[in-house]
Amino acid sequence: MSYTNLINELWIPVRRKSGARELIAPWAITDGHDSDAIVALDAARADFKGALAQFLIGLLQTAASPDRSKGIDWNRWLEEPPSPAELKTLFMPHAEAFELGGGGPRFMQDFESLSDEVKPISALLIEIPGANALRNNTDHFIKRGGINGLCPACASTALFTLQTNAPSGGAGHRTSLRGGGPLTTLVALDPKGEQLEATLWRDLWLNVLPLTQAEQLTGNSTLTETAAIYPWLAPTRTSEKGGVETLPEDAHPLQMYWGMPRRIRLELDDLHEGECDICAAQGVTLVTGYVTKNYGVNYGGTWEHPLSPHYIDDKSGMPMPSHAQPGGFSYRQWSSWVASGNGKKPAQVVAYFQKERKLRDVQLRIWAFGYDMDNMKARAWYETTVPLYLLPEGEGRERFIKQVDNLIEAATQAAYYVQSAVKEAWFKRPGDAKGDTTFLRQEFFDRTEAVFYSLLRESHEAALRNGEELPLRERWLQRLRREAERLFVERAESGALDEGELARIARAHTNLLKKLRGKKLYEILDLPKPKKEKGKVKETADEI
């Protein structure tokens, strides 16, 4: 095999505005930007797409951090990207760290050769069952035998994906710097926006911090050796008994983009050609196995990765990276992705962008993605985009965020009401009922999502012009009530068999209506509770 250098080779799958698909070198992401721009990554797997975005952001942050003293102006490059030749000049000094094979250091692989049993290349993929699952025949959902050989491009992406998302892997097999399957949130342009055309270059560049900001990230920016950034350029800081943790003072801040918790060496001898089992490329060299060893880099202490939102741990008071949870994403996470407060911190790239970047008339979104991990197992991959609205620091922004928080809290309360009411209707003793009914809350959020984002836009407009916000909250209350009642009727009242069940359903329905019209939702939404007239609550708002 001719060993692949990931700076020079054409290996990143992309799609152009015209629809043309091709493989490019990393420095070619601005190729044809004014004629037929590259608009998206075109990986065969969703997790590969997320990994490649982080790879390219990390490369830009490491090799081309905005620094006017070096002629790298963030605003100018956003409007008029650098040429591929300019990017190549910036990337080439880092090329030695991006050799996939050969006798020297290998990209994202252990510094030394590893002698152990060769594992099938399929085990690099996070959702593929491990040896115990195969041995015990417990790979019920993801069957064996589908992935036998990967082209160098897919092998490189799988390797980076695993190191970036590494879940628990048994004794001494370390998780990623952000834990297993971290949540990533990136700033992106809205493809439907008219002010600034959405391209892959711009979506990446939006998430690159200036050099001065990057040097203030978690880590030790005084470390000058290249291995402090790319850990595979030196012997592994092993973590077996008597080994060491790798704390922020032990690594450069940029190592957060290149964390390497797993000791892995791809098997690159005696390779043959064939079809890649992921991207279906024909006549390519196939990587079919790798060797791994436990007790690799164990990232300890408090790292705050710039591409992940965090929450404040109650016990330590330190920021901890957020992870996707069962049920996926909904608008209830919106505030934690964009605003600080209530024990939440948005990703630093998102926070810095909102505070410092002056793009007030550009339509923006948050691209969120990550695995929902159950210890060693991947339950699901979740991905979504949501609107990002910018406001200058001050009273208007604070009022906007507070109103959105109230909308979300009210919806969460109403979702709890309807979940409890359906359980009361279904079971004689709902408190003792087994089984997961959280799907009812998720369904409620799904039903109210479109209206939430409509009100989010209106709330932003009201904050910009200092407009009236009370009617928006009143309309939201009405919608929450209506959807809660509809969901209850559909879920609880269908299929009732006898008079006793019907009576139980009727009681649960009555209790739900009382809660939906009780003081709790009015308090959350900061609404005056209407007075009763002739035994009936007077409603003050039109339904949406």
Side-chain angles (χ1 to χ4, degrees), residues 12 14-20 22 24-42 49 52-92 94 185-215 257 306-307 338 346-367 385-393 397 460 464:
I12 296 179
V14 297
R15 176 172 50 83
R16 293 186 180 271
K17 184 178 179 180
S18 65
E22 60 186 276
I24 64 165
W27 46 262
I29 52 178
T30 59
D31 179 65
H33 197 270
D34 294 331
S35 54
D36 189 12
I38 296 168
V39 295
L41 293 162
D42 193 40
K49 180 182 175 183
L52 287 172
Q54 293 179 83
F55 173 91
L56 290 168
I57 290 169
L59 184 56
L60 287 167
Q61 189 68 75
T62 305
S65 288
D67 183 354
R68 289 187 178 181
S69 68
K70 298 179 180 178
I72 304 177
D73 183 277
W74 189 88
N75 288 288
R76 179 169 60 84
W77 276 21
L78 184 68
E79 293 281 351
E80 300 177 7
S83 68
E86 289 178 277
L87 288 179
K88 187 174 184 179
T89 298
L90 291 168
F91 291 173
M92 283 307 295
H94 299 260
T185 53
L186 305 176
V187 182
L189 287 168
D190 190 330
K192 298 179 181 178
E194 299 178 355
Q195 298 90 341
L196 194 63
E197 182 181 13
T199 65
L200 177 60
W201 161 259
R202 287 178 175 143
D203 283 347
L204 299 172
W205 193 239
L206 290 173
N207 297 282
V208 177
L209 299 168
L211 179 61
T212 53
Q213 188 71 20
E215 290 176 340
Y257 293 91
L307 304 184
V338 304
Q348 291 185 64
V349 291
V350 176
Y352 181 85
F353 188 93
Q354 293 183 94
K355 184 177 180 181
E356 301 295 338
R357 301 304 187 194
K358 310 302 181 185
L359 300 179
R360 304 304 179 196
D361 297 324
V362 174
Q363 291 175 255
L364 297 162
R365 300 185 72 79
I366 293 288
W367 175 26
T385 59
V386 299
L388 173 62
Y389 295 108
L390 300 183
L391 281 168
E393 293 288 333
R397 174 174 168 76
H460 178 250
L464 283 174

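None of the values given here were measured: they were computed from a predicted structure.
- Going from atom CD of Q54 over to atom CG of L59 covers 13.5 Å, rounded to the nearest 0.5 Å.
- Checked by atom type and distance alone, the side chain of W201 never pairs as donor or acceptor with a backbone atom of I38 at under 3.5 Å.
- Taking the side chain to side chain donor-acceptor pair (under 3.5 Å) definition, one finds that R68 meets it with D73, sequence neighbours left out.
- E86 places a side-chain N or O within donor-acceptor distance of the main-chain N or O of S83, the cut-off being under 3.5 Å.
- Using a 4.5 Å cut-off on side-chain heavy atoms (C-beta onward), P210 and Y352 make contact.
- Contact between A53 and L204 at its shortest, heavy atoms only, is O-CD2, 3.8 Å.
- Scanning both residues, A351 and P346, for their nearest heavy atoms gives CB-CG, 4.1 Å.
- Applying the side chain to side chain donor-acceptor pair (under 3.5 Å) rule to W367 yields the partners E383; only residues at least two apart in sequence or on another chain are considered.
- A donor-acceptor pair under 3.5 Å links the side-chain atoms of D36 to the main chain of S18, judged by distance alone.
- The closest donor-acceptor contact from the side chain of H460 to the backbone of L390 lies under 3.5 Å.
- Here CG of L200 is found 8.5 Å from NE2 of H33. Values are rounded to the nearest 0.5 Å.
- P26 is listed as a side-chain neighbour of L56, based on a closest heavy-atom distance under 4.5 Å.
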Query raised in the report: Could you walk me through whether I72 and L211 pass the side-chain contact (heavy atoms from CB on, under 4.5 Å) check?
Result: CA-CA 10 Å; I72 304 177; L211 179 61; over 6 Å; no
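- Take E80 and apply the side chain to side chain donor-acceptor pair (under 3.5 Å) test, not counting sequence neighbours, and it matches no residue.
- Residues meeting the side chain to side chain contact (heavy atoms under 4.5 Å, CB included) test with Q363, sequence neighbours left out: D190, Q195.
- Between L206 and W74, some side-chain heavy-atom pair lies under the 4.5 Å cut-off.
- Counting heavy atoms from C-beta on, the side chains of L307 and Y257 come closer than 4.5 Å.
- Expressed to the nearest 0.5 Å, how far OG of S65 lies from CD of E215 amounts to 8.0 Å.
- L196 is linked by a side chain to side chain contact (heavy atoms under 4.5 Å, CB included) to L78, E79, L189, R202, V362, counting only residues two or more places apart in sequence or in another chain.
- Shortest non-hydrogen contact noted between T185 and A347 is OG1-CB, 3.4 Å.
- In terms of heavy-atom proximity, Q354 sits nearest to L388 at OE1-CD1, 3.7 Å.
- Among all heavy-atom pairs drawn from P306 and L209, the shortest one is CB-CD1, 4.3 Å.
- For the side chain to side chain donor-acceptor pair (under 3.5 Å) test, no residue two or more places apart in sequence or in another chain qualifies with N75.
- Partner of F353 under the side chain to side chain contact (heavy atoms under 4.5 Å, CB included) criterion, chosen from L364, N207, L186: L364.
- Using modelled atom types, one finds no donor on one side chain facing an acceptor on the other under 3.5 Å when comparing H94 with T62.
- Remark: Q61 CD to Q213 CD distance equals 9.5 Å, nearest 0.5 Å.
- The shortest heavy-atom contact between L87 and L60 is CD2-CD2, 4.2 Å.
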